[in-house]
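Read through the structure below, which is laid out as structure tokens, and then see the notes.
Just so we're on the same page: letters track the sequence lines, and every chain starts at 1.
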Number of protein chains: 2
Amino acid sequence: MGKAGDQYSVLPVAKAMQVFAYVASQAHDVTLTEVVQALGMPKTTVFRYLQTLSAAGLFAHDIVQDRYGVGNRFRELARVDALYHSLRSTAEGELDELVDDFRETVNLAVLADHEVVYVDIREATRSQRFQARIGHRHPVHSTSLGKAMAAFLPLEAVERLVRPQFEQRTYRTLTDARTFRRHVEETRKRGFAIETGENEDGVTCIGVPILDGKGYPIAAVSLSAPDTRMRATAERAAGALQDAARRITATLPPISLHTSV
Amino acid sequence: MGKAGDQYSVLPVAKAMQVFAYVASQAHDVTLTEVVQALGMPKTTVFRYLQTLSAAGLFAHDIVQDRYGVGNRFRELARVDALYHSLRSTAEGELDELVDDFRETVNLAVLADHEVVYVDIREATRSQRFQARIGHRHPVHSTSLGKAMAAFLPLEAVERLVRPQFEQRTYRTLTDARTFRRHVEETRKRGFAIETGENEDGVTCIGVPILDGKGYPIAAVSLSAPDTRMRATAERAAGALQDAARRITATLPPISLHTSV
DNA sequence: CAACGAATTTCGTTAAGCGAAACACCGTTG
DNA sequence: CAACGGTGTTTCGCTTAACGAAATTCGTTG
């Protein structure tokens with residue numbers, strides 16, 4: 001339990017985290033003096049940390065009883081993390097199998113701020129020249145990942161993604177709202193998304209959504225390969241991706257990001 | 001989102017919590033520069049916070065990829081909080097009903113560090129002179145709460161509670177290991193615990209355990225009243241407490257504190 | 001191999017975190 | 001009713017240690 005030390009540790013932060021850990025692990029809401037006695041820190045210091053953490057929303061300060069407990073913001077963060085953690089850890093095995101099976105690049109992504117964010121990537125092939133990286137973002141309209149998720153969003157949510165003029169990534173990129181809506185609609189009926197050189201010249205992608213317990217698309221998996229190689233395996237790929245997505249859905253915790261908050 | 005401000009806020013802590021919130025809400029593990037760009041803080045500062053939070057175990061630092069993500073310690077705290085939060089919020093209504101029904105003091109407690117810790121208390125009657133307070137602790141051996149939980153613990157765990165000589169709280173308090181084991185055994189057979197003036201002169205308590213999904217006693221509820229008044233209602237009280245405990249158990253999340261870690 | 005981007009390390013400045021102590025505010029007690 | 005003990009809040013100087021610019025290392029890329 002090195003409280004200080006680690007060369008670059010910021011002491012106020014480290015100590016505040018001790019307070020945090022203490023409060024979070026108590027079954028009851030705590031008082032200032034209780035924390036002081038438990039951790040042996042000066043009263044003023046603990047007071048300030050409790051105030052700071054409350055102001056940040058991680059704690060809730062019950063003014064009436066003068067007690068501090070874990071706050072909603074913390075629970076919200078924990079909920080989101082639990083979902084994403086579960087997503088990544090159970091997706092891991094599925095991604096591996098897909099790579100083994102198809103020897104092509106496999107992507108896992110979520111939707112954030114109207115963009116596709118890559119969460120995990122398995123590269124089977126050599127030239128990783130133009131591959132995305134974890135954390136990188138691509139547009140919704142030019143990726144199979146984006147279209148797969150959009151297709152299973154409620155209509156209002158889809159409309160919030162629509163732009164009068166989408167960014168043109170390649171000469172094949174769809175750029176108008178009308179075409180985007182049509183692609184989304186086709187994807188919904190088909191059950192998986194196809195994107196052919198719309199995001200990157202010469203690269204075709206098949207994407208399927210990963211739905212949470214409530215049927216909301218929380219993420220998507222895709223297989224991407226050069227057009228030439230993809231043509232033969234597109235159908236089988238779609239099936240394999242859908243199977244993987246279903247299995248991932250099955251192990252997700254029963255919480256939804258869309259309903260909460 | 002008052003980042004600073006609140007009179008007593010400690011800036012390093014407040015800013016570190018921004019970093020914390022950002023990292024926790026991303027679906028992927030993040031890099032230093034990603035956080036820097038997202039939050040607009042100086043590189044050095046963010047670096048130090050990431051180091052500090054990693055040292056505290058709240059983050060996990062993937063050295064290979066140089067990425068930071070939520071750590072196990074955070075998840076552990078979140079798990080504990082979720083359980084206790086659920087316990088308290090669903091117990092609330094039950095406690096109210098018990099107080100309404102019996103017009104006597106009702107207690108909710110957990111076991112921590114070999115002691116009974118009061119988590120919630122409803123006082124029906126006037127003289128709150130000697131009532132416990134939230135966060136206060138009482139011995140296991142002298143309370144119905146403690147005996148109720150001990151009775152449903154595995155034997156090794158019970159033995160860890162045994163002392164050669166227990167504290168004598170009243171002239172009726174059991175003080176030897178032998179008697180304690182006998183009480184625990186009787187409580188297990190009976191299904192609820194009785195304590196008559198062993199913790200406090202003239203006060204009788206009936207306690208029942210609240211079991212988690214795995215059958216471990218995570219908490220206990222008790223009804224306490226003057227000996228005289230309790231005699232008549234003891235049987236009915238035990239039944240009502242057991243019903244309440246069962247209902248609380250049913251709504252608890254499917255996590256156990258005893259298996260994890 | 002040069003050049004870039006990203007993470008670490010150094011270092012001097014100065015702001016601000018710190019904690020003792022004083023203060024205010026109960027609820028309690030004799 | 002007044003004194004008390006225990007809590008939370010506020011003040012106030014001291015000095016520490018947080019800060020961030022810049023330099024450095026490291027790895028990657030063209």
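Atom CD of B/Gln7 is separated from atom P of D/dC12 by 12 Å (rounded to the nearest Å). Between the CZ atom of A/Phe47 and the P atom of D/dC12 there is a distance of 16 Å, rounded to whole Å. The CG-C1' distance, from A/Leu50 to D/dT7, rounds to 13 Å in whole Å. One interatomic measurement links the two molecules: CD of A/Glu34 to P of D/dT7, which rounds to 11 Å at whole-angstrom precision. Remark: C1' of C/dC18 and CE of A/Met41 are 13 Å apart, rounded to the nearest angstrom. Going from atom CG of A/Leu32 over to atom P of C/dG19 covers 13 Å, rounded to whole Å. Whole-Å rounding puts the A/Gln37 CD to D/dG6 P distance at 10 Å. Going from atom CD of A/Gln51 over to atom C1' of D/dT10 covers 12 Å, rounded to whole Å.
Annotation: the span from A/Arg103 atom CZ to A/Thr233 atom OG1 amounts to 13.5 Å, rounded to 0.5 Å.
DNA chain C lies under 4.0 Å from at least one heavy atom of each of the following residues of residues 61-69 of chain B: B/Asp66, B/Tyr68.
Within the structure, salt bridge (charged side-chain N to carboxylate O under 4.0 Å, His left out) pairs that include any residue of residues 140-150 of chain B comprise B/Lys147-B/Glu198 (at least two apart or interchain).
Within the 4.5 Å cutoff, the side chain of B/Leu83 has no heavy atoms near those of the B/Val80 side chain. Residues B/Ile210 and B/Leu87 are in side-chain contact: their nearest non-hydrogen atoms beyond the backbone lie under 4.5 Å apart. Side chains of A/Lys15 and B/Val13 form no contact here, defined as non-hydrogen atoms less than 4.5 Å apart.
Using cut-offs of 30° and 60° on the angle between ring planes, the pair B/Phe59 and B/Phe20 is parallel.
B/His141 and B/Arg169 form no side-chain donor-acceptor contact under 3.5 Å, judged by distance and modelled atom types alone.
Using a 4.0 Å cut-off between charged side-chain N and carboxylate O, A/Arg172 and A/Asp201 make no salt bridge. Salt bridge status for B/Asp81 with A/Arg75: present, with a side-chain N to carboxylate O gap under 4.0 Å.
Rounded to 10°, the helix from C/dC1-D/dG30 to C/dC26-D/dG5 has 40° between the axis fitted to its first five pairs and the one fitted to its last five.
Shown here are the ring pair (Phe, Tyr, Trp, His ring centres under 6.0 Å) partners of B/Tyr68, two or more places apart in sequence or in another chain: B/His61. Partners of B/Phe102 under the ring pair (Phe, Tyr, Trp, His ring centres under 6.0 Å) rule, at least two apart in sequence or in another chain, do not exist in this structure.
Between A/Thr31 and the phosphate of D/dT7, there is no side-chain N or O to OP1/OP2 separation shorter than 4.0 Å. At C/dT8, none of the side-chain N or O atoms of A/Tyr8 fall inside 4.0 Å of OP1 or OP2 (strictly under the cut-off).
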Item to check | Sugar-phosphate or base contact per nucleotide [nucleotides 19-25 of chain D; S, B, -; heavy atom under 4.0 Å] | outcome: BBBB---
